Amino acid sequence: MAKNIQSIRGMHDILPEAAPTWQFFESTVRNLLATYGYSEIRMPIVEQTDLFKRAVGEVTDIVEKEMYILESRRDTEGGEAFSMALRPEGTAGCVRAGIQAGLIFNQQQRLWYAGPMFRAERPQKGRYRQFHQIGVETFGIAGPDIDAELIAIGARLWKQLGLKNIHLELNSLGSLEARHAYRQLLVEYFSAHQDQLDEDSKRRLHTNPLRILDSKNPTMRELVAAAPNLHEHLDSESAEHFAQLQSMLDGMGISYRINPRLVRGLDYYSRTVFEWVTDELGSQGTVCAGGRYDGLVEQLGGRPTPACGFAMGVERLILLLETQAVQAPANNPDVFLVMAGDAAAKAGLSLAEQLRDALPDLRLVSNCGGGNFKTQMKRADKSGAAVALILGENELERAEITLKPLRSEGEQINLPLCELAAHLSQLIEKTKQH
RNA sequence: GUGACUGUAGCGCAGUUGGUAGCGCACUGGAUUGUGAUUCCGGUGGUCGUGGGUUCGAGUCCCAUCAGUCACCCCA
């Protein structure tokens with residue numbers, strides 16, 4: 001036997017066993033976003049590396065060490081080779097696409113996308129090198145009402161999925177100017193106390209000083225507590241925006257916790273930032289996160305445009321669905337057709353097609369590959385079908401079919417073939433109701 | 001990227017101070033020539049993650065490597 005080739009580290013197959021949960025999740029999200037009037041957009045998985053450098057930030061971990069970078073081929077006209085990257089997140093590509101297609105200037109957009117993202121991190125539970133996000137982005141709406149709407153979508157989604165124990169954390173970083181000024185203040189403060197900083201915090205001083213405030217190291221606690229307070233340095237417009245958002249959330253009955261140390265890692269955030277967090281997934285508890293990024297469109301070459309969005313980590317939410325034992329609807333077949341004998345095998349094939357004509361929603365699995373009667377019945381059972389349809393020589397002679405219930409008590413019955421479609425139609429109705 | 005733990009049949013696991021590998025489930029054949037699941041009896045299946053080393057002898061000890069898990073870091 002040839003040597004096995006394994007999947008790449010941190011990149012996993014979604015196996016048939018898990019597919020119903022994924023489908024349940026995806027269709028729930030899709031339907032929900034449609035009810036709020038959001039349109040789907042699909043972008044390439046690969047973009048110019050510079051796009052992510054400009055959007056996410058040069059000195060973020062994502063850009064510095066987590067991107068998968070490809071060198072493009074020189075094209076046939078002899079164009080210059082350039083650097084491409086597998087997308088580490090979706091917002092940058094969405095903004096790029098929006099600007100390129102003229103979707104953003106002087107109009108409102110509510111968009112969503114779904115797909116794989118790539119980051120070369122050390123894998124652990126809830127953190128993979130290829131992972132999936134569903135992103136939701138809005139453009140051209142400056143007020144806190146859209147922040148509130150995006151948060152409401154999250155809250156409603158957890159409810160529709162049957163998920164519990166997901167909490168909302170909320171913060172405001174202020175306008176880009178206020179945020180930069182505050183950042184400067186922090187750098188000065190912590191630089192003056194260099195000797196008290198731990199290794200991580202010294203590094204963060206250059207990468208993301210706001211993150212030092214969220215340090216888990218107890219020896220840093222005192223220093224952090226005495227640091228300049230973010231909320232005392234908010235610009236007045238941002239403070240007003242934040243206050244209005246809170247009152248809107250209160251009005252909708254959505255509870256939240258203001259976390260002044262909540263800082264998003266990507267450079268483009270300003271004003272509102274939020275995270276939906278659970279304590280049931282260990283250290284990868286952020287299941288959905290986002291915020292406002294009013295400066296990004298301009299930064300990527302568009303006209304100044306307010307924007308706000310969030311992204312969900314699909315694997316983490318699937319994991320949570322599993323830990324909370326949420327049952328996705330099973331997509332078992334309705335019936336499995338057992339055919340005994342050569343004549344029946346041939347007749348059964350065309351019977352199956354007639355049934356599919358008559359009942360487009362019918363989930364029917366035909367036995368293939370022969371097998372004796374017992375083997376076929378075993379396959380019928382294993383398929384998960386509710387009913388076995390049995391077509392043998394006896395049935396053929398009398399133009400009948402036998403229906404045997406596999407999932408419930410009850411005797412098997414014989415039906416004239418001409419009544420089968422009507423009977424199955426009722427059966428489908430019944431299973432739909434459950 | 002740092003640290004720790006784990007890797008034995010398709011899956012979940014046992015394997016004593018180093019002595020030639022086992023259990024459950026699954027799969028498969030039969031009891032039942034046209035009835036699954038349930039019951040009973042039989043059977044297939046392992047280069048012990050991979051590669052080196054120590055040893056008369058390695059699943060067991062040592063080194064390397066790959067993968068997974070947990071924490072840090074980072075983030076969805």
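By convention in this document, chain letters (A, B, ...) are assigned in the order of the sequence lines, proteins followed by strands, and residues within each chain are numbered from 1. Worth saying up front: this structure is predicted, and the values here are computed from it rather than measured.
- Without hydrogens or angle criteria, D13(A) side chain to L15(A) main chain gives no donor-acceptor distance under 3.5 Å.
- With hydrogens and angles ignored, no donor-acceptor pair closer than 3.5 Å exists between the side chain of Q376(A) and the base of U35(B).
- In this entry C72(B) has G1(B) as its Watson-Crick or G-U wobble partner, both defining distances falling under 3.5 Å.
- Look at R127(A) and you won't find any side-chain N or O under 4.0 angstrom from OP1 or OP2 of C70(B).
- Across the P atoms, G59(B) and A67(B) are found 25 Å apart, a figure rounded to whole Å.
- Straight-line distance from the CD atom of Q284(A) to the C1' atom of U69(B): 12 Å, rounded to whole Å.
- In the set G36(B), C75(B), G34(B), C75(B) carries the atom at the smallest distance from any side-chain atom of T286(A).
- Between D381(A) and K378(A) no salt bridge is recorded (no basic side-chain N to carboxylate O distance below 4.0 Å).
- In this structure, of G34(B), G36(B), A76(B), it is A76(B) that holds the atom nearest to the side chain of F131(A).
- Of the listed nucleotides (U35(B), C74(B), C27(B)), C27(B) has the atom at the smallest distance from the side chain of K382(A).
- In this structure, R264(A) reaches the A76(B) phosphate: one of its side-chain N or O atoms is under 4.0 Å from OP1 or OP2.
- Of the nucleotides present, none pairs with U16(B) by Watson-Crick or G-U wobble criteria with both distances under 3.5 Å.
- In this structure, C48(B) makes no Watson-Crick or G-U wobble pair, since no nucleotide meets both defining distances under 3.5 angstrom.
- Salt-bridge annotation for E275(A) and R264(A): present, with a side-chain N of the basic residue lying under 4.0 Å from a carboxylate O of the acidic one.
- Nucleic acid contact for A380(A): none, since no nucleic acid atom lies under 4.0 Å from a heavy atom of the residue.
- Counting distance only, with no hydrogens placed and no angle test, the side-chain atoms of R316(A) and the base atoms of C75(B) include a donor-acceptor pair under 3.5 Å.
- Using a 30° and 60° split on the angle between ring planes, W22(A) and H132(A) fall in the perpendicular class, above 60°.
- Across A71(B) and G57(B), the matching C1' atoms stand 40 Å from one another, rounded to whole Å.
- Distance alone, capped at 3.5 Å, is enough to place a donor-acceptor pair between the N367(A) side chain and the G370(A) backbone.
- A close approach under 4.0 Å does occur between a side-chain nitrogen or oxygen of S283(A) and OP1 or OP2 of C72(B).
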Problem - Per-nucleotide protein contact string for nucleotides 7-12 of chain B (B base, S sugar-phosphate only, - none; heavy atom under 4.0 Å) - result: ------

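- Residue contacts for K404(A): at a heavy-atom cut-off of 4.0 Å it reaches a base atom on one of the strands shown.
- Atom-to-atom, CG of D61(A) to C1' of U2(B) comes out at 13 Å; the value is rounded to the nearest Å.
- Rounded to whole Å, atom C1' of C75(B) lies 15 Å from atom CG of L319(A).
- Contact annotation: R9(A) side-chain N/O to G68(B) OP1/OP2 distance is under 4.0 Å.
- Base pairing of U55(B): no nucleotide in any strand meets the Watson-Crick or G-U wobble criterion (both distances under 3.5 Å).
- Residue contacts for K65(A): at a heavy-atom cut-off of 4.0 Å it reaches no nucleic acid atom on any strand shown.
- A residue-by-residue look at L406(A) and Q133(A) shows that L406(A) has its nearest nucleotide of RNA chain B further toward the 5' end.
- For U38(B), there is no paired base (Watson-Crick or G-U wobble, both distances below 3.5 Å).
- Residues of residues 42-58 of chain A that place a heavy atom closer than 4.0 Å to RNA chain B do not occur.
- Comparing G34(B), A76(B), C74(B) against the side chain of E395(A) picks out G34(B) as the nearest.
- Side-chain N/O atoms of Q124(A) include one lying less than 4.0 angstrom from OP1 or OP2 on A71(B).
- At a cut-off of 3.5 angstrom, counting only N and O atoms as typed in the model, there is no donor on one side facing an acceptor on the other between the side-chain of R122(A) and the base of G68(B).
- Residue Q6(A) places no side-chain atom within donor-acceptor reach of the base of G68(B), judged by atom type and a 3.5 Å distance cut-off alone.
- Considering L359(A), L362(A), L420(A) in turn, L359(A) is the only one that fulfils the side chain to side chain contact (heavy atoms under 4.5 Å, CB included) rule with S425(A).
- Base contact: E393(A) has a heavy atom under 4.0 Å from a base atom.
- For the C1' atoms, the distance linking U16(B) with U35(B) amounts to 49 Å, nearest Å.
- The residue G126(A) sits close to a base: some heavy atom pair falls under 4.0 Å.
- We find that CG of L320(A) is positioned 17 Å from P of A76(B), with the value rounded to whole Å.
- The nearest whole Å value for the distance from the CG atom in L281(A) to the P atom in C70(B) is 10 Å.
- Atom CD in E199(A) sits roughly 18 Å away from atom P in C72(B) (whole-Å rounding).
- Remark: A21(B) base-pairs with no nucleotide; criterion is Watson-Crick or G-U wobble with both hydrogen-bond distances under 3.5 Å.
- Under the Watson-Crick or G-U wobble criterion, with both distances below 3.5 Å, U60(B) is left unpaired in every strand shown.
- A distance of about 28 Å separates the C1' atoms of G3(B) and C48(B), rounded to the whole Å.
- Between the C1' atoms of U2(B) and U60(B), the separation comes to 30 Å (whole Å).
- Across all strands shown, L266(A) has heavy atoms under 4.0 Å from sugar-phosphate atoms exclusively, and none from any base.
- Nucleotide C75(B) holds its P atom 22 Å from the CD1 atom of I134(A), rounded to whole Å.
- The side chain of Q412(A) sits closest to U35(B) out of A37(B), C73(B), U35(B).
- Within 4.0 Å of Y128(A), counting heavy atoms only, lies at least one base atom of the nucleic acid.
- Residue E411(A) is classed as having no contact, given no heavy-atom separation below 4.0 Å to the nucleic acid.
- The 12-atom threshold is not exceeded at CG of D342(A), counting heavy atoms of other residues, nucleotides or ligands nearer than 6.0 Å.
- OP1 or OP2 of C73(B) has at least one side-chain nitrogen or oxygen of R204(A) nearer than 4.0 Å.
- N372(A) comes within 4.0 angstrom of no nucleic acid atom, judged by non-hydrogen atoms across all strands.
- With RNA chain B read from its 5' end, the first of the two nearest nucleotides for K378(A) and D214(A) is the one closest to K378(A).
- Remark: P of A76(B) and NE2 of H167(A) are 20 Å apart, rounded to the nearest angstrom.
- Residue G90(A) is classed as having no contact, given no heavy-atom separation below 4.0 Å to the nucleic acid.
- Under the side chain to side chain donor-acceptor pair (under 3.5 Å) test applied with R292(A), the options D147(A), T138(A), T272(A) reduce to a single match, D147(A).
- One finds no side-chain N or O of K374(A) lying less than 4.0 angstrom from the OP1 or OP2 phosphate oxygen of G34(B).
- Nearest nucleotide to the side chain of A289(A), out of U35(B), C74(B), A76(B): A76(B).
- Side chains of I401(A) and L337(A) form a contact here, defined as non-hydrogen atoms less than 4.5 Å apart.
- Pair assignment for U6(B) gives A67(B), based on Watson-Crick or G-U wobble hydrogen-bonding distances that are each under 3.5 Å.
- Which of U35(B), C74(B), C75(B) sits closest to the side chain of M377(A) comes down to U35(B).
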